[in-house]
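To keep things clear, I will list the structure first and then write my remarks on it.
Residue numbers start from 1 in every chain, and the chains themselves are labelled A, B, ... in the order their sequence lines are given, proteins ahead of strands.
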Amino acid sequence: MTRQPVLTPQSEDFPRWYQDVLSKAELAENGPVRGTMVIRPYGYSIWERMQAELDTRIKAAGAENAYFPLFIPESYLRKEAEHVEGFAPELAVVTRGGGKELEEPVVIRPTSETIINTYFSKWVQSYRDLPLLVNQWANVVRWELRPRVFLRTTEFLWQEGHTCHATAGEAHDYATRILHDVYLDFMVNVMALPVLVGAKTPSERFAGAINTFALEAMMRDGKALQMGTSHELGQNFAKVFDTLFLDSEGRQEHVWQTSWGVSTRLVGGLIMAHGDDRGLCIPPRLAPVQIVVILVRGGGGSEEAVAEVAGSLRAAGVRHRVDSDVETSFGRRATGWELKGVPLRIEVGPRDVEAGLATIVRRDDGTKTQVRMGEAGSLAVQLLEQIQSEMLDQARLRRDERVADVDTLDQVRESTENGFARIPWSQVGESGEAELAEDGISIRLLHRPDGSLPRAGADTELVAIAARAY
RNA sequence: CGGGACGUGGCGCAGUCUGGCAGCGCACCUGCUUUGGGAGCAGGGGGUCGCCGGUUCAAAUCCGGCCGUCCCGACCA
């Protein structure tokens, strides 16, 4: 009984490793229509945890959930010129319904700015109606040419927030508040990912936005993944949808808007940022199952000991599972829980019971500890927080090793082979950006030298983060 | 949409060149022995060989067409 490699090693073929994890950890698989995915129960439970954590933060930022239709009249999309131009290539359009040709084709939402603004314009009359802060959890469709499960699928699940404000400054502040208090906080403190924040270059901006902020994470192969965006829409949509309000002095003004979203792509980011050759590795605060208690084999009071440990976990409010499937060999079960990335495993068998000990095994670094049986539950719970912070530290170390400070485009090309390049934006510019794009390298974001967001118009020394991206 | 590869039980593949009973590993089912890092033995079930047409006594194999998937280039959360 020797340990065999279960997955294609990351170093051998990273995309293949990713596919192996999706399959072996029972996360997701391809749907019958190209670009669609079936999210399996375990994969979906991870998304549900993400939703729960994000939803709490979104509500804390004052937004309320609502729901708008999947079908959008094609004419709505056309109203905002940049918007329709940006999305036209990836629209799915319904032309028949009820067995008849439709009078006006209906698009399946690629995002909901247009339909939501149609209603915002009815709901907003006065400055007293502002700010209007709405979020929706939904699926959207963007026809993809090269789909990859979770990372880029034709249909995906997300949340999209849409807000109206009385002034440009308020809209700006809210877009950055969402970026920091909802997205950055969630990614750093729950997903244990040290993401970079910044503004997108004009060419990478959302279609119809005046400014796009983004969060970028580094995957274990050194490539970048955009984990979320928050846009300042200015008055672009307000003007074409006549979203107007009367200010306190009786003047009619267009509202200033934001929109912001994160999607099931986050699951792909989780896999590729924390996963290793043993499979998925989920930080405890996110994990749908934080601790699994394994009955190694029955007899000798093992069942009772397992029940006792599980009882203490339940009392502590820990998300846990008991694995008493002794019909399946221990090795297979241990490997299976590792593949699924459960942060901690507590092993209990007759041998442990006899010694009055239990074995605690960490998923992130593989260390095993023998502890007194009666303390196993409480010690494990304490370990969860330690693992959480150490996973963030490790991810930060891995990233920092692969971020290079450079001065020339050639150096950018070299260091983005396996990581990020940080270069003064003045050395790149829009021409340099186009040049790099030909080699598959993009400017992921711009920020100030200390990593904070650019200030509109006021910054002369912005730093560009360049990388190859998913 | 251009360039390359590939479609054979649930998954991964061999067989195709040189036409002749559709195979292997994993998974699955039954039984026994096992169980502290993917257990062993024995028995068993499951495939219109991507689709359509052609050649032939005979096609997974040869020919034509179509469909689909994956990888590499132009878009995105």
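- Searching all strands for a Watson-Crick or G-U wobble partner of B:C17 with both distances below 3.5 Å returns nothing.
- Contacts of A:R362 classified as salt bridge (charged side-chain N to carboxylate O under 4.0 Å, His left out), with partners at least two apart in sequence or in another chain: A:D364, A:D365, A:E390.
- Applying the side-chain contact (heavy atoms from CB on, under 4.5 Å) rule to A:R402 yields the partners A:M218, A:N418; only residues at least two apart in sequence or on another chain are considered.
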| Stepwise, does the salt bridge (Lys or Arg N to Asp or Glu O under 4.0 Å) test hold for A:E113 with A:K79? | CA-CA 11 Å; A:E113 274 76 7; A:K79 289 189 181 183; over 6 Å; no

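- Within the shown strands, nothing qualifies as a pairing partner of B:U61 under the Watson-Crick or G-U definition with both distances less than 3.5 Å.
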Which atom pairs, donor and acceptor, lie under 3.5 Å between side-chain atoms of residues 67-78 of chain A and protein residues at least two apart or in another chain?
unit_1	atom_1	unit_2	atom_2	d
A:Y67	OH	A:R109	NH1	3.3
A:Y67	OH	A:R109	NH2	2.8
A:E74	OE1	A:R78	NH2	3.0
A:S75	OG	A:E104	OE2	2.8

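- The partner of B:C76 cannot be assigned: no Watson-Crick or G-U wobble pair with both contacts below 3.5 Å exists in any strand.
- A:T359 comes within contact range of at least one nucleobase, with a heavy-atom separation under 4.0 Å.
- If you take atom C1' in B:C49 and the same atom in B:C6, they sit 14 Å apart, rounded to whole Å.
- With sequence neighbours excluded, the residues that form a side-chain contact (heavy atoms from CB on, under 4.5 Å) with A:E48 are A:Y44, A:S45, A:Q51.
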| request: Tell me, with the steps shown, if A:K24 and A:E26 meet salt bridge (Lys or Arg N to Asp or Glu O under 4.0 Å). | output: CA-CA 5 Å; A:K24 296 285 181 64; A:E26 300 177 352; over 6 Å; no

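- Ring-plane geometry between A:Y174 and A:W260 is classed as tilted, the angle between the planes lying from 30 to 60 degrees on a 0 to 90 degree scale.
- In this structure, the nucleotide among B:C76, B:G36, B:G73 sitting nearest to the side chain of A:R152 is B:C76.
- The C1' atoms of B:C1 and B:G15 are separated by 35 Å, rounded to the nearest whole Å.
- Comparing atom distances between the A:E347 side chain and each of B:A74, B:G36, B:A77 picks out B:G36 as nearest.
- A:E216 has a carboxylate O that lies under 4.0 Å from a charged side-chain N of A:K200, or vice versa, which qualifies the two as a salt bridge.
- The A:E144 side chain lies nearest to B:A77 when the options are B:G36, B:A77, B:A39.
- Which of B:G36, B:G37, B:A39 sits closest to the side chain of A:S329 comes down to B:A39.
- Applying a 4.0 Å cut-off to non-hydrogen atoms, the residues of residues 256-273 of chain A that approach RNA chain B are A:S263, A:R265, listed by residue number.
- Inspection of the A:T201 and A:E433 side chains reveals an N or O donor paired with an N or O acceptor under 3.5 Å.
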Polar pairs (N or O, both sides) under 3.5 Å between protein and nucleotides 26-34 of chain B?
unit_1	atom_1	unit_2	atom_2	d
B:A27	OP1	A:R332	NH2	3.4

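- A search for salt bridge (charged side-chain N to carboxylate O under 4.0 Å, His left out) contacts involving A:D185 returns A:R57, not counting sequence neighbours.
- Pairing of B:G47, defined by two Watson-Crick or G-U wobble distances under 3.5 Å, is not identified with any nucleotide.
- Taking atom P in both B:G47 and B:C11, the straight-line distance is 14 Å, to the nearest Å.
- Across all strands shown, A:E160 has no heavy atoms under 4.0 Å from either base or sugar-phosphate atoms.
- For A:R345 against B:G37, a side-chain-to-base donor-acceptor contact under 3.5 Å is present.
- Nearest-nucleotide positions on RNA chain B place A:R333 closer to the 5' end than the other of A:R333 and A:R146.
- The stretch residues 63-77 of chain A does not touch RNA chain B, since none of its heavy atoms comes less than 4.0 Å from the strand.
- Annotation: A:Y119 is not in aromatic contact with A:F241 [ring centroid separation under 6.0 Å not met].
- At a threshold of 4.0 angstrom between heavy atoms, the contacts of A:P15 with the nucleic acid are absent.
- Rounded to a whole angstrom, the distance from the P atom of B:G3 to that of B:C17 is 27 Å.
- With a cut-off of 3.5 Å on both Watson-Crick or G-U wobble distances, the partner of B:C32 is given as B:G40.
- With sequence neighbours left out, the side-chain contact (heavy atoms from CB on, under 4.5 Å) criterion links A:V38 to A:E29.
- Evaluation of the ring-ring contact (aromatic ring centres under 6.0 Å, His included) rule for A:F237 yields A:H83 as partners, not counting sequence neighbours.
- Within the nucleic acid shown, A:Y470 comes within 4.0 Å of at least one base atom, counting heavy atoms only.
- A donor and an acceptor atom, one from each side chain of A:D221 and A:Y18, are nowhere located under 3.5 Å apart.
- With both pairing distances under 3.5 Å, B:G25 is matched to B:C11 as a Watson-Crick or G-U wobble pair.
- The pair A:E347-A:K368 does not count as a salt bridge, with every side-chain nitrogen at least 4.0 angstrom from each carboxylate oxygen.
- Taking only distance into account, the side chain of A:K368 meets the base of B:G37 through a donor-acceptor pair shorter than 3.5 Å.
- Of all the residues in residues 207-237 of chain A, A:Q226, A:G228, A:T229 reach under 4.0 Å from RNA chain B with at least one non-hydrogen atom.
- Mapping A:E438 and A:G35 onto RNA chain B by nearest heavy atom places A:G35 at the nucleotide closer to the 5' end.
- Using a 4.0 Å heavy-atom distance criterion, A:A355 is classed as making no nucleic acid contact.
- For B:C6, the paired base is B:G68 (Watson-Crick or G-U wobble, both distances below 3.5 Å).
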Going by atom type alone, with no hydrogens or angles, which donor-acceptor pairs under 3.5 Å involve a side-chain atom of residues 266-274 of chain A and a protein atom two or more places apart or on another chain?
unit_1	atom_1	unit_2	atom_2	d
A:H274	NE2	A:M191	O	2.7
A:H274	NE2	A:A192	O	3.2

